[in-house]
Every structure is written in C-alpha cells, then in structure tokens.
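Here the structure is laid out as structure tokens; the discussion comes afterwards.
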Protein chains: 2
Amino acid sequence: MPRYREIYESLRQKIVLGQWPPGHRLPSEHELARSFGCARMTIGKALGALADQRLVTRRRRAGTVVNAPRPQESVLEIHDIEAELLAAGVSYAYQSLERRVRRANAADAAALGVPPGTPVLALTGLHRAGGRPHALEERLINLQAVPEARAERFTDISPGRWLLRRIPWTEAEHQIAALNADATIARRLAIRRNTACLTIERNTWRDEQRITHVRVIYPCDQHRLVARFRYGAA
Amino acid sequence: MPRYREIYESLRQKIVLGQWPPGHRLPSEHELARSFGCARMTIGKALGALADQRLVTRRRRAGTVVNAPRPQESVLEIHDIEAELLAAGVSYAYQSLERRVRRANAADAAALGVPPGTPVLALTGLHRAGGRPHALEERLINLQAVPEARAERFTDISPGRWLLRRIPWTEAEHQIAALNADATIARRLAIRRNTACLTIERNTWRDEQRITHVRVIYPCDQHRLVARFRYGAA
DNA sequence: TTTCTGAATATGTCTAGGCATATTATGATT
DNA sequence: AATCATAATATGCCTAGACATATTCAGAAA
C-alpha cells in the first residue's frame with residue numbers, strides 16, 4: 001500500500017470513527033509531514049483525497065477542517081436492461097411496439113426539451129425476459145442530434161443499446177417515481193390495472209444538445225434499484 | 001484555472017466528443033509532458049483525474065486507454081426529508097405512531113441483518129408537510145449498536161435526524177422500489193388503497209455493525225428522486 | 001513452433017524545494 | 001472603538017529528478 005494511502009486511511013479512521021468530530025481542524029501539512037516523516041506533497045495527496053471524498057474542506061490559510069456527514073448521497077447504477085438480464089442468466093428480447101417519425105408536439109417538446117416542430121423519433125417497445133414482459137420503454141430521439149436514427153428500424157434491437165454505442169453523451173439526468181399502471185400499460189406488461197410500477201426517466205445531453213428522453217416502466221415486483229455508498233471511500 | 005485542470009479538460013474533450021474513441025491509447029506521460037510543456041507530474045495529475053472519473057484506464061507499461069462509456073451511473077442524493085421540506089418553504093413535523101422495544105423477530109432480523117433475539121427499537125412515524133401526511137417511516141434501530149436510543153422517546157423528533165447527529169456511519173445501501181398501498185399505509189398517509197408508492201429502504205453500517213434499517217414510503221404524487229450525472233466531471 | 005527470459009517502457013510513487021494566492025491575525029491609525 | 005494596511009500562514013500548484021513495479025515485447029532456447 002502506498003504511503004499516501006496509508007496516511008489517507010489513518011486520517012480517515014480518525015474522522016469516520018468520530019475521534020475528529022465535524023469542525024475539527026487538522027494539523028497543517030507541514031506538521032503532518034513532520035509527524036508522518038514524509039514530504040509535504042505526499043500529505044497533500046492524502047488530504048486531497050479526503051477532500052475529494054468530501055470528508056474535509058480545505059481552504060488556504062484557514063486549513064483543513066472535518067466536514068459534517070453528508071445527508072444521504074449514493075452512487076446509483078442504472079444498468080443496461082439487456083446486460084442485467086443476461087448476467088442473471090435470463091433470455092432477453094426487445095420487441096418494437098410503435099415507431100413513428102413526427103414533428104415534436106407540445107408533450108414531446110416538454111419531455112425532450114426541444115422546440116415544438118423539431119423532428120423526433122418516437123419509439124415504444126417491450127423488454128422481454130424469459131419470454132415474459134419485463135419492462136416497457138417509451139423513448140423520444142432528437143433527430144436533429146441523431147439523424148442516422150431515422151434509417152434504423154429498431155424492430156428487435158433495443159434503441160438504448162444502439163444509442164449507447166453510437167452517440168457519446170456528456171450528461172444524464174434520472175428521475176425515479178412510482179405510478180399506477182393505466183389500462184394501456186397494464187395490457188402491454190400483462191399485469192393488472194393499478195399495479196404499482198417503478199418508472200425511471202432519463203434525459204441525455206451531449207454538450208447542451210438533447211439527445212434522447214426515455215421512460216422505462218417496471219412492474220413493482222420485477223425491479224428494484226440498489227445504490228451503495230461507502231462514506232469516504234472510493 | 002490551474003494547468004493540470006486545463007490539460008484535464010483538453011483531454012476530456014477529445015474523449016467525450018469521440019475524437020479519441022474507446023480503446024484509443026493516449027500518448028505517454030512523457031510525450032504529453034513534452035507537448036504541453038510541463039512536468040510529468042502535472043500530466044500525471046490530469047490523467048489521474050481522468051482515471052478517477054473512469055474515462056480512462058491506466059496500466060503500467062500498457063499505457064492509458066480510453067474506456068467504453070459506463071452503462072448508466074448516477075449520483076443519487078437522497079435528502080433529509082425535513083431539510084428538503086424546509087428548503088421548499090413548507091412546514092414540517094414528525095409524528096410518532098408507534099414505538100416498541102423488543103427482541104428481534106424473524107422479520108426484524110432479516111431486515112436489520114442481526115441475529116434473532118437482538119434487542120431492537122421499532123419505530124413507526126409520519127412526516128407531515130404543511131400539516132398533511134407526506135411520508136411514512138418504518139424504522140428498526142439496533143440497540144446493541146445504539147444503546148442510548150432506548151432512552152429517547154422520539155415523539156416529535158425524527159429518528160433519522162437524531163441518529164445522523166449522533167452516530168457516525170461508514171456505509172449505506174439504498175433500495176428503491178414501488179408498492180401498492182395496503183389498507184394500513186393508505187389510512188396513515190390519507191390516500192386511497194392501491195395507490196402506487198415509492199419506497200426507499202436504507203441500511204446503515206458502522207464498520208460491519210448494523211445500525212439501522214429504515215423504509216420510507218411516499219405516495220406517488222409526492223416525491224420523485226432525481227439523480228444527475230456529468231460524464232467525466234466532478 | 002512454443003516457451004521462457006531479460007530488456008524496454010509506461011505508470012506509480014516519492015522527495016525537496018519553489019512561487020502563488022487566499023485568508024486570517026495583528027498592529028497602526030483614525 | 002472601528003477601520004484599514006500589512007505580515008504571517010496554510011493550502012494550491014508546480015518543477016526536475018529519482019527509484020519501484022507491472023506489463024509487454026523481442027529474442028533466445030528448447
């Protein structure tokens with residue numbers, strides 16, 4: 001284990017176990033370098049890592065101070081449905097239900113964040129796991145950003161995969177919510193009306209330009225999202 | 001802007017805009033140092049930041065290689081309910097519905113991850129926003145880990161806040177799911193039976209020791225989780 | 001051809017020092 | 001007492017060089 005990591009761990013312990021409470025000021029880099037017997041830059045690397053993890057705040061002249069624990073922050077991994085199912089050893093298939101090129105109406109424009117009239121590709125499809133409906137996907141693709149999507153049929157390739165391979169994205173936003181299945185959703189997912197479903201909406205950007213908006217609907221018994229977080233660790 | 005950050009941004013652009021596709025090998029640190037006219041350590045800092053963001057993978061002798069885009073990873077912030085409501089300018093109150101000290105039964109043991117028979121504190125409470133029910137909370141606290149909770153009544157202080165201030169935690173796991181409100185949930189939240197609800201379950205550890213398990217239930221129209229992610233940025 | 005061994009190479013880490021800059025503390029002045 | 005200029009200080013960033021270590025590549029040996 002490299003020296004700076006040892007120092008990082010040693011300082012981290014003091015913080016997460018409460019020995020150095022929030023607000024406590026750490027010794028200066030010079031002092032730490034002396035006490036650990038290393039160069040100041042090595043200490044700087046360890047303290048920088050603590051700051052990256054938001055365990056401490058560093059300000060010139062003011063020094064390095066222990067932060068209050070963050071509320072509840074977590075890294076959420078929203079996996080590719082296909083990869084997830086294949087990893088679980090379940091067969092996967094994508095089935096196209098609707099495909100339409102149109103000029104964005106008001107709802108499209110709001111969801112995708114483009115001016116009304118922009119050409120969009122609207123797709124609805126079903127992800128099947130082991131032959132049974134697994135999730136319903138409603139997607140809008142901005143054809144100004146991804147003109148080559150116009151030529152693609154998406155009859156049995158998931159548009160998510162297709163896009164992920166082709167279009168580099170720089171920013172994404174997820175919104176997670178619950179909804180009661182209406183008649184259409186219930187029919188397509190082969191569940192009873194009013195069954196609670198988990199929905200994940202995702203907006204994707206490439207440098208200010210909107211690429212796609214997608215809403216994936218999972219029946220409540222088929223999916224949960226898991227997010228794990230270790231306080232002050234990579 | 002510091003030099004290493006300029007270099008980081010310059011390299012990042014090449015990657016996220018597809019100029020350097022996945023699999024592409026970057027010039028060596030020495031070459032980059034020469035072309036940017038700086039010391040190797042400055043390049044190392046920039047490349048290290050790219051690696052932290054998982055934009056590249058670095059291996060000795062093999063060099064630095066552009067990664068395939070990550071599936072869909074996001075930073076999820078699950079805010080403290082009270083802070084969230086107060087920030088929105090809505091009044092907040094916590095109302096205790098049940099409080100019971102008992103030895104863990106099978107369900108408690110499974111949820112909290114402790115052996116059956118361990119003393120636990122089981123709490124049920126309602127978060128109210130503007131006087132109306134906002135979320136239902138079901139919590140188990142491991143009294144072996146937090147003995148001082150036995151003395152606390154939790155009649156009008158939210159146990160989440162109380163714990164957050166007192167107990168340093170090192171690891172947390174969230175699970176997000178949807179469920180149909182049963183009769184009890186519906187009554188307590190003043191919603192109709194079968195209304196879809198978003199549930200967030202959270203397990204908290206302190207160095208291997210389980211501290212608490214909590215499930216928060218939100219009616220579908222009262223809450224959505226938002227997670228944002230910038231590809232390759234802090 | 002295959003396998004092994006050593007050389008080359010890129011990164012990983014570290015040192016010892018330097019200048020820059022933000023912020024705080026201090027002391028002088030009003 | 002209040003304000004302001006100045007000095008002290010801690011971090012932020014950087015250089016130039018060094019040794020360590022993992023990995024690959026090329027050539028030698030079987």
Side-chain angles (χ1 to χ4, degrees), chain A residues 1-16 19-68 70 232-234, chain B residues 1-16 19-68 70 232-234:
Chain A
M1 186 184 271
R3 193 93 179 86
Y4 83 90
R5 192 113 185 99
E6 281 180 14
I7 296 169
Y8 169 86
E9 287 298 342
S10 152
L11 299 175
R12 177 176 171 269
Q13 281 302 308
K14 287 205 164 54
I15 295 170
V16 298
Q19 202 167 330
W20 283 347
H24 177 84
R25 180 170 150 180
L26 275 64
S28 77
E29 291 195 351
H30 276 290
E31 289 175 72
L32 287 170
R34 209 154 25 74
S35 69
F36 279 103
C38 65
R40 187 168 79 91
M41 201 167 214
T42 306
I43 297 294
K45 203 166 176 181
L47 291 178
L50 289 173
D52 285 346
Q53 299 293 338
R54 321 247 169 128
L55 283 168
V56 299
T57 300
R58 314 192 69 199
R59 275 163 59 231
R60 286 176 171 154
R61 162 73 215 204
T64 301
V65 174
V66 176
N67 281 339
R70 274 178 279 184
Chain B
M1 186 185 269
R3 192 89 178 89
Y4 83 89
R5 193 113 185 99
E6 282 179 20
I7 296 170
Y8 168 87
E9 287 298 340
S10 153
L11 300 175
R12 177 177 170 269
Q13 281 302 309
K14 287 206 165 54
I15 295 170
V16 298
Q19 203 167 331
W20 283 346
H24 177 85
R25 179 171 151 179
L26 275 65
S28 77
E29 290 195 352
H30 276 289
E31 290 175 70
L32 288 170
R34 209 155 24 76
S35 68
F36 279 102
C38 66
R40 189 167 77 92
M41 202 167 217
T42 306
I43 297 293
K45 205 166 176 180
L47 291 178
L50 288 173
D52 285 347
Q53 300 294 338
R54 320 246 171 132
L55 284 168
V56 299
T57 300
R58 313 191 70 199
R59 277 163 57 232
R60 286 177 169 149
R61 162 75 213 204
T64 302
V65 173
V66 176
N67 282 339
R70 275 177 281 184

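Just so it is clear, the values below take in all heavy atoms, side chains as well, and ignore hydrogens, waters and symmetry mates. In what follows, every chain begins at residue 1, and chains take the letters A, B, ... in the order their sequences are listed.
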OP1 or OP2 of [N] sitting under 4.0 Å from any side-chain N/O of [X]?
X       : N      : result
A:Thr42 : C:dT15 : yes
A:Thr64 : D:dA10 : no
A:Arg3  : C:dT15 : no
A:Arg58 : D:dG12 : yes
B:Tyr4  : D:dC14 : no
A:Arg5  : C:dG12 : no

What is the distance from [atom1] of [X] to [atom2] of [N], rounded to the nearest Å?
X       : N      : atom1 : atom2 : answer
B:Met41 : C:dG17 : CE    : C1'   : 13 Å
A:Leu47 : D:dG12 : CG    : P     : 8 Å
B:Ile7  : D:dC14 : CD1   : C1'   : 11 Å
A:Glu6  : C:dC14 : CD    : P     : 9 Å
A:Ile43 : C:dG17 : CD1   : P     : 16 Å
B:Met1  : D:dG12 : CE    : P     : 16 Å
B:Arg59 : C:dT13 : CZ    : C1'   : 19 Å
B:Lys45 : D:dT15 : NZ    : C1'   : 13 Å

Q.
Run the side-chain contact (heavy atoms from CB on, under 4.5 Å) test on A:Glu9 and A:Tyr4 for me, step by step, so that the C-alpha distance in whole Å, both residues' side-chain angles and the decisive distance to 0.1 Å come before the verdict.
A. CA-CA 9 Å; A:Glu9 287 298 342; A:Tyr4 83 90; over 6 Å; no
Q: Let me see the working for B:Leu26 and B:Val66 under side-chain contact (heavy atoms from CB on, under 4.5 Å), right down to the final yes or no.
A: CA-CA 8 Å; B:Leu26 275 65; B:Val66 176; 3.6 Å; yes
Q.
Quiz question: going by heavy-atom distance under 3.5 Å, is there a donor-acceptor pair between the base of D:dT23 and the side chain of B:Arg60?
A. no
Q | Heavy-atom check, side chain of B:Thr64 versus side chain of B:Leu50, under 4.5 Å | A | no
Give the table of side-chain donor-acceptor pairs shorter than 3.5 Å for residues 35-44 of chain B, with sequence neighbours excluded, one pair per line with atom names and distance.
from, atom 1, to, atom 2, distance (Å)
B:Ser35, OG, B:Glu31, O, 3.4
B:Ser35, OG, B:Leu32, O, 3.2
B:Arg40, NH1, B:Glu29, OE1, 2.5

Q. If each of A:Pro2 and A:Ala62 is mapped to the nucleotide of DNA chain C with the nearest heavy atom, which maps nearer the 5' terminus, i.e. the 5' end?
A. A:Pro2
Q. Residues two or more places apart in sequence or in another chain: which of them pass ring-ring contact (aromatic ring centres under 6.0 Å, His included) with B:His24?
A. B:Trp20
Q | Contact residues, residues 24-33 of chain B to DNA chain D [heavy atom, < 4.0 Å] | A | none
Q: With side-chain contact (heavy atoms from CB on, under 4.5 Å) as the test, would you mind laying out the steps for B:Tyr8 and B:Arg3 before giving the verdict?
A: CA-CA 9 Å; B:Tyr8 168 87; B:Arg3 192 89 178 89; over 6 Å; no
Q.
Test side-chain contact (heavy atoms from CB on, under 4.5 Å) on B:Ile15 and B:Asn67; report intermediate values, then the result.
A. CA-CA 9 Å; B:Ile15 295 170; B:Asn67 282 339; over 6 Å; no
Q) With a non-hydrogen cut-off below 4.0 angstrom, is A:Arg40 in contact with a base, only sugar-phosphate, or nothing? A) base
